[in-house]
Amino acid sequence: MRGIIGFIFMIQGALGFVSQTFFDRTWGLLAHWFDLPSVAYLGLFAAGAALAVWGDMDRKRRKRGQSAGSEAA
């Protein structure tokens, strides 16, 4: 679940940063509710990337733990 939320944050951050930097208006859902600077969109992208990596590492750790537990039994 963290990976999916992280991916959504990454998309929103990338859309907001690119559109605000290279175009006159902002894209994405957050622009309808908040007026954020470009740096905040970069931070949102970084937080989303961290969530996605954390979710992927946790999924791999659980998978490795289940396979090691089945070998011990």
Side-chain angles (χ1 to χ4, degrees):
M1 187 68 173
R2 281 181 289 234
I4 295 170
I5 293 171
F7 186 69
I8 292 170
F9 277 24
M10 286 173 57
I11 290 172
Q12 289 296 314
L15 281 174
F17 177 75
V18 168
S19 64
Q20 204 169 36
T21 303
F22 298 112
F23 304 101
D24 274 346
R25 55 185 300 260
T26 54
W27 300 330
L29 189 60
L30 289 176
H32 294 286
W33 297 318
F34 305 106
D35 186 25
L36 299 174
S38 296
V39 177
Y41 283 112
L42 282 178
L44 190 63
F45 180 83
L51 276 173
V53 168
W54 182 22
D56 190 47
M57 288 175 54
D58 190 40
R59 183 174 46 94
K60 287 180 182 178
R61 188 176 336 125
R62 273 190 272 132
K63 189 175 182 180
R64 203 173 343 135
Q66 289 175 352
S67 66
S70 63
E71 291 174 3

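Counting begins at 1 with the first residue of the sequence.
One hydrophobic cluster holds both Val18 and Leu15 under the rule that ILVMFWY side chains link at heavy-atom gaps under 4.5 Å. Under the 4.5 Å side-chain heavy-atom criterion for grouping Ile, Leu, Val, Met, Phe, Trp and Tyr, Trp54 is connected to Met1 within one hydrophobic cluster. Leu30 and Leu42 end up in the same hydrophobic cluster when Ile, Leu, Val, Met, Phe, Trp and Tyr side chains are linked at under 4.5 Å.
Rounding to the nearest 0.5 Å gives a distance of 8.5 Å between CE of Met57 and CZ of Arg64. Between the CZ atom of Phe17 and the CZ atom of Phe22 there is a distance of 6.5 Å, given to the nearest 0.5 Å. Atom CZ of residue Phe9 and atom CD1 of residue Ile4 lie 13.0 Å apart, to the nearest 0.5 angstrom. In this structure, the separation between CG on Leu29 and CD1 on Ile8 is 10.0 Å, given to the nearest 0.5 Å.
Gln20 places a side-chain N or O within donor-acceptor distance of the main-chain N or O of Ser38, the cut-off being under 3.5 Å. Within the 3.5 Å criterion, the main-chain N or O of Gly16 finds a donor-acceptor partner in the side chain of Ser19.
Residue Tyr41 comes nearest to Phe34 through the heavy atom pair OH-O, 4.5 Å, listed as atom of the first residue, atom of the second, then distance. Nearest heavy atom pair, residue Ala52 against residue Met10, reads CB-SD, 4.3 Å.
Using a 4.5 Å heavy-atom threshold, the side chains of Leu36 and Thr26 count as separate.
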